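On a predicted model such as this, the values are computed, not experimentally measured, just so you know. Chain letters run A, B, ... following the sequence lines, proteins first and then strands; every chain starts at 1.
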Amino acid sequence: MDKKYMERYWHTSSHILAQAVKKLFPDVKLGTGPAIENGFYYDFYREEPFTPDDIEKISKGMEDIIRQNLPVEKISVSKDEAKKILKDEPFKLEILEGIKEETVTFYRQGDFIDLCEGPHISSTGEIKHFKILSTAASYWRGDETRESMQRIYGVSFPEKAQLDQYLKFLEEAKERDHRTLGPKLDLFSIHPEFGSGLIYWHPKGSIVRKIIEDFWKDVHIKNGYQIVYTPHIADLSLWERSGHTGFYKENMFTPMEMGNKVFQLKPMNCPFHIIIYNTKLRSYRDFPIRWAELGTVYRYEKQGVLHGLLRVRGFTQDDAHIFCTEEQIEEEVVKVLDLVSFFLGKFGFTEYKTFLSTRPEKYVGSPDGWEKATIALENALKKKEMGYEIDPGEGVFYGPKIDIKIRDCLKREWQCSTIQVDFNIPERFALKYTDKDGSFKTPILIHRAILGSIERFFGVLIEHYKGNFPFWLAPEQIRVLPISERHLPYAEKIGGLLEPHFRIQIDTRNEKINRKIRDAEEEKVPYIIIIGDKEEEKNTIALRKHGEGMLGTFTTDEIIRKLKECQ
RNA sequence: GCCCGUGUAGCUCAGUGGUAGAGCAGCGCAUUCGUAAUGCGCGGGUCGGCGGUUCAAAUCCGCCCAUGGGCUCCA
């Protein structure tokens, strides 16, 4: 599918949508209607939201417009003329005011005309198959102080098969949704009545988490990090010192009063690592200092943004802080990027997007420091030959950063890895070290997370693998199924041999073998061992792989050797 | 936080003003089985919460809570 063509295609589709809406509801005011990654939307201003009935009518209206096969015509007019055309479209007029050029373009199809840069396809008849997918509210220009618009989403394709395929993709995505799969596979649960956005890790999910965390710690220690542990709460004064009570107040849980003290649940780990740093005078010889912690933080997120494991109120960051000199930034960032690609690759993610965010309007630190740090980050990205996009002015106020985003099943992007230079905290906590010449200097502080949050990463993992975790991560790796109760002792003997090497279960239920196989398959256990008279006689086992079926008959030693390679 | 939709058994859902339902799961009994659901039986619910309308509310109305899709925000 030609990307440029589909953009025009969807753009015209959105105009057809707008035309249908205008015809049915002449009082509706037009907002904007662009093509998006998968389809299109149009924003309308209307007091009443669109009902499912309205959507049905709009859909019919669109079919009419398509059937009429109206030519799409580009018209260039002066700004003054444009104002006249748009006299009843306040939102369009607002857009017009923002346009610098003296001549603007409109696109017309039949009796519908819209201020639009284009490009479009040549006639409405080219839109063959479309579907209105959903409606939602949105703020005009994304500004929550502005009008609330009614947004209608849709998708369209030249071929019916393409539309069907896309709708199938949406179905498939639903099946992969970690919010359904997680509880179904007994991995985790959420209990809104006892606090929304808080995750309960069940035994099976916890095993996966333990494997991830143990692996994470080992790799970090091998890569020159030291592990630290810090408290979950601290006196409010710590957060005043760090500045969080100012710039992060919105996201912090309300402080707790205990006697004459006030405690704050931590939204970040950094101030704690700083406290450790300040317990003694550091030397340039100590650098780089790399402290890592799987630190659980709590952030008060607005109700509407919570989303399964991907956006929660309590989560564990795979956090680390690197203290170094300005000259060491680049090398340290290269090392972090190495770790990022190692970890993400290990978990099966090879596609991700990298962003470099530069200095925003409001910032702390010196422009010179920002400049140097930003260049160091950029050089590191170049050295690693990582493609990246620059987000100008999107940096946090305290320093430039690199963000790496991976995609969930619905192609939503979620930030995992982040590498941030911080000019704020070293200043506020008066961090220092003794340099070669004996003078005191302020170190550079780099915050970084690779998986981001264990919860979010787990959610993305579930969707990525559709719950079929690779062998080394699977909560239950092998299930032994005796054909009848008679074979239970032999199954237990085999289980005993496998137990020291793998996470196994024996299905001792009084059920038919078909049922046991079905359940093991549905629970996505990677390997199934089946034991009956034949196996018992020859002292072998029958091996079946999840999703693939029978692999054959083997001895226990063979299985142990074979599967240990997959660990 | 904002807009719309949704909330009934552990799960998936039916039930539009008149005695709360199904399938799956759970429990009991029978069955001892060869590669994706054995049969029979039994329990199980303040119908999200609070208030209102009504002789009567799962059903109509209001508020609150939660959740879904978006917006804004973000690890």
Report, one pair per line, the protein and nucleotides 38-43 of chain B atoms (nitrogen or oxygen only) whose separation is under 3.5 Å.
none

Among the nucleotides B/U35, B/G70, B/G34, which one has an atom lying closest to any side-chain atom of A/D533? B/G34
Using a distance-only criterion (donor-acceptor N/O pair, under 3.5 Å, no hydrogens), is the base of B/A75 paired with the side chain of A/R448? no
With sequence neighbours left out, write down each residue that passes side chain to side chain donor-acceptor pair (under 3.5 Å) with A/S453, or none if nothing qualifies. none
With under 30° as parallel and over 60° as perpendicular, where do the rings of A/Y398 and A/F247 fit, or are they tilted in between? tilted
B/G69, B/A75, B/U35: which one has an atom nearest the side-chain heavy atoms of A/Q317? B/A75
Ignoring backbone atoms, test whether A/H487 places a side-chain nitrogen or oxygen under 4.0 Å from the OP1 or OP2 oxygen of B/G34. no
Per-nucleotide protein contact string for nucleotides 2-9 of chain B (B base, S sugar-phosphate only, - none; heavy atom under 4.0 Å): BBS-----
Per the atom types in the model, does the base of B/U32 pair as donor or acceptor with the side chain of A/R486 at under 3.5 Å? no
N/O donor-acceptor pair, side chain A/E301 with base B/A75, under 3.5 angstrom: yes
Only pairs with both distances under 3.5 Å count, Watson-Crick or wobble alike; so what is the partner of B/U6 in this structure? B/A66
Heavy atoms from C-beta onward define the side chain here; which of B/C33, B/A36, B/G1 lies closest to that of A/E521? B/A36
Please, which pairs that meet side chain to side chain donor-acceptor pair (under 3.5 Å) have at least one residue in residues 523-538 of chain A, sequence neighbours excluded? A/R479-A/E523, A/R486-A/D533, A/H487-A/D533
Under 6.0 Å from the ring centre and within 45 degrees of the ring axis: does the NZ or CZ of A/K266 meet both conditions for the six-membered ring of A/F272? yes
Please enumerate all residues that pass side chain to side chain contact (heavy atoms under 4.5 Å, CB included) together with A/S417, with sequence neighbours excluded. A/V340, A/L344, A/I404, A/I450
Step through the shown structure and confirm whether more than 12 heavy atoms of other residues, nucleotides or ligands are within 6.0 Å of CD on A/E94. yes
Among B/C74, B/C33, B/A36, which nucleotide sits nearest the side chain of A/I483? B/C33
For A/Y153 and B/G70, are the ring centres under 5.5 Å apart with planes inclined under 30°? no
Test your reading of the model: is there a side-chain donor-acceptor pair from A/E301 to the backbone of A/N251, 3.5 Å cut-off? no
The side chain of A/R311 lies closest to which of these nucleotides: B/A36, B/C74, B/A66? B/C74
OP1 or OP2 of B/G69 sitting under 4.0 Å from any side-chain N/O of A/R179? yes
Set of residues satisfying side chain to side chain contact (heavy atoms under 4.5 Å, CB included) with respect to A/Y300, sequence neighbours excluded: A/F253, A/R313
Have A/H178 and A/E463 got a donor and an acceptor in their side chains that come within less than 3.5 Å? yes
